[in-house]
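Values below: every heavy atom of this structure, side chains too, minus hydrogens, waters and symmetry copies.
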Amino acid sequence: MKKKNMLMMLAAMLSLSSCLSTDADDLYDQWKDWYNGGTDSSGTVTSASGELSEFEVAIDRTTAEPTEVADATYFDEADAISTQQFTTTVAIDMSNPTEKTENGVTITVADGKNITADHGKTTGICYVVSGTTADGSLTISGSADYEVNLNNANITSSQSTALNLDGKGAAYIVLAGTNKLTDGTTEDHKSALYGKGKMLFSGSGSLEIQGQYNNGIQSKSYVLFEKGVNVYVNAANHGIKGSDAIINGGIINVETAGLGAKGINCDEDIIINGGRTTVVATGDGEWDEEELETKAVSCIKCDSVLTINGGEVYVKASGSGGKGLKADWECYINGGKVRAITTGGLYYNNGTTENLNYKGNTDNIDDAYTSSPKGIKIGTKNEHGVLTITGGDIMVRTSGTNGEGIESKGTLDITGGSVMVAAYDDAINASSDLTISGGTVVAVGTNNDGIDTNGNLYIKGGTIIAYGANGAEAGIDADESHALYITGGSLFAIGGRVDCKLGSSSQGFVQTSGSVSANSTISIRDVNKSYATFTLPPYSDSGTILMTAEGISSGTSYTLVIDDNTYSVTATNSIGNSMGGGPGGGRW
C-alpha cells in the first residue's frame, strides 16, 4: 500500500475515534510528518524522523507575515496610529545636518553631526527622517506625542545611542522603506534606539537595529508592533526591553548573544496577538553578584503575565541553562503557533566555579547555583506560576542535560489545542495540580517522566500520550502524597513504571508491558466500536503500558490493534505501581 493511502486510512480511523473531533483532511495534515520515521525500538526512548523530533527555529526576515491573527489589543485606544493625526511635517536629512526653527520645532546640531529636534508642547508634529550618516545621531525632545517617520534612514553613531527619543510623549514610529540604526561602543548608554515614552511601531517598511554596546530597543514605557512592520534586532545584551510589550502583527526577529541576555524582556506583561516573532539566543548563563544567584538567557521573558492569542512564535536558546518562554507569574496560550527549542545543558555557578554542562547530582546543591534549560517556564521559586493552555499549536523540544519541556511552578491546565513536547528531562511538569480536560497532549521524556506533577493529576478529557524513560521513570507520575483522577479522555502512557496511585476513576484501565515503535497506531476496540486510537509520536519506547478511554469498563475484554497485530486484554479498575508490568495482559 502506498504511504499516502495508508495515511489517509489512518486519518479516517482517527476521525472515528472518540478522542479526536476533526475531519480526515485535517488529521492527515496534522499527523503526516510523524509517519515518516523508522521503527527502531531499543528499550529506551529513541527518536525517529517527524516534525516533533526535527523542527527547527531560525531567523527569517523574508517569509511573508502570517495572515491568521487574533484581535489587536492596546493598553490605551489612542495607541493605534489610526486614531492620530500628525499633519505638521518637519524634514530631517541625516546626511545634511541643518539648524533651523520650523512649525514650532527647534533643530540644533552639535559637532556638525549630532542633531537634536525639540517640539516642546507643540502637537501634531511628524518628523520625516531620511538620509545616511556614518557618525551621527538624532535626539527628539518634547512633551507632546509625535510621529517619527523613518524613510530610508541609516544612522550610525560612533559613540552612543543612534536614535534617542528623549521626549516624554508617545513616539509613533512609522516605517517606510529600508532603515537601519547602529549605536557606538565608546560611551555608556542603554540601547541603539532608546525612548522615555511609549514606542508604537507601524508602517510597511523595515528597520534593522544593531545594538553593539548594550540593548537594541529600550523604552522606559512599553513597546507595540503593528501588522506590516519588519523589525530585526541584533544586540549585545537584551534585544527589546520595555515595561510591557504588545505584538499585534509584523515580522519581528531578534538575536542576542550576551551572558544571561533576554531577547524580548519586559518588567510587566507581554501580549502576542499576531505576526511572526522569532528569537534566537546563544548566550550562556552567568553569576549575578548582586542577587547571589545564577541568571540564564531567555528568548521571551516577562516579570508578570505572558499571553499568546495568535500569530506565530519561534524561540531557540542554545546556551547553558537557556529558556524559550519565561513568565514569572502567569501564562495564557489561547491560540497561535508556538515552537520552542533549547539545546544547552544545566548551568552551574557558585560565584567561584562555573560549569556550562553540569551533569552531577543536584539534590544537595543550592537552587541559586543552577539554572536548568526549559522550553517554557512559568513561575519562579518565590512566585508560584499559573499556566493555562486553551488552544494553539505548540511544540517544544529540549536536548541538553536537565532540559525540561514545559514547567509551571504552580498549576497547569490544558483545555484545548495541540501540545507536543519532547524533552531530555520531564516533558511536562507542574509543582502543583495538573489538569487536562481537552486537546491533544503528547509528552516524551527521553530521560525522565512524560507528565510529572507534585500535586494531583486530573484527566477529564482530551487525548494524552505520555512517554517516560526506563527504570524508575514513568509516562505519568503524580507525587506520592497525591493521586491520579480520571473522569474522561483517552490516555496512553508508557515508561519504566506507573508512578501514581489512583484517586478515583469512572473508566477501566488496561495495563501491560511491552514496546512501541515510532509512529505506530494503537486502537482499543471491541466487536461494536473503537474507543480510542492513538497515533504515537516519532519516538520508540518500552516498559509498563497504561491505557484508558471513555467507555472502557473493568472486567471487560477488549482488542488492542497495534499496526497490523491484534491482542486480547482485560480491563481492570485499578492500576499497579510496580516497575515492568502489572495486570491486564502479556508482552507484545
[X]-[Y] side chain donor-acceptor pair, cut-off 3.5 Å:
X      : Y      : answer
Thr278 : Asp60  : no
Glu187 : Tyr213 : no
Thr106 : Asp118 : no
Tyr74  : Glu226 : yes
Asp328 : Thr380 : no
Thr398 : Asp425 : no
Asn151 : Ser130 : no
Glu286 : Tyr347 : no
Asn309 : Tyr332 : no

Do the non-hydrogen side-chain atoms of Val280 and Thr282 ever get within less than 4.5 Å of each other? yes
Salt bridge [X]-[Y], side-chain N to carboxylate O under 4.0 Å:
X      : Y      : result
Asp303 : Lys301 : yes
Lys337 : Glu312 : no
Glu51  : Arg339 : yes

Return yes if some donor-acceptor pair links the side-chain N/O of [X] with the main-chain N/O of [Y] below 3.5 Å, else return no.
X      : Y      : answer
Ser219 : Gly197 : yes
Asn214 : Lys190 : yes
Asn349 : Gly351 : yes
Asn230 : Arg61  : yes
Lys323 : Gly321 : yes

After noting the C-alpha distance and the side-chain angles of Asn103 and Thr122, does the key distance pass the side chain to side chain donor-acceptor pair (under 3.5 Å) rule? CA-CA 9 Å; Asn103 296 324; Thr122 305; over 6 Å; no
Phe201 pairs by side-chain contact (heavy atoms from CB on, under 4.5 Å) with which of Ile217, Val148, Leu224?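 Single side-chain contact (heavy atoms from CB on, under 4.5 Å) partner of Phe201 among Ile217, Val148, Leu224: Ile217.
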Reference residue Leu346; test side-chain contact (heavy atoms from CB on, under 4.5 Å); the match among Leu356, Asn357, Thr362: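 Filter result, single survivor: Thr362.
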Ala117 versus Tyr127, closest heavy-atom pair with distance: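 Taking every non-hydrogen atom into account, CB-CE2, 3.6 Å.
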Is Asn96 atom CG crowded by more than 12 heavy atoms from other residues, nucleotides or ligands, each under 6.0 Å away?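 Yes - once you tally the heavy atoms of other residues, nucleotides and ligands closer than 6.0 Å, there are more than 12.
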Are Tyr146 and His119 an aromatic pair by the rule of ring centers under 6.0 Å?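 Yes; His119 has its ring centre under 6.0 Å from that of Tyr146.
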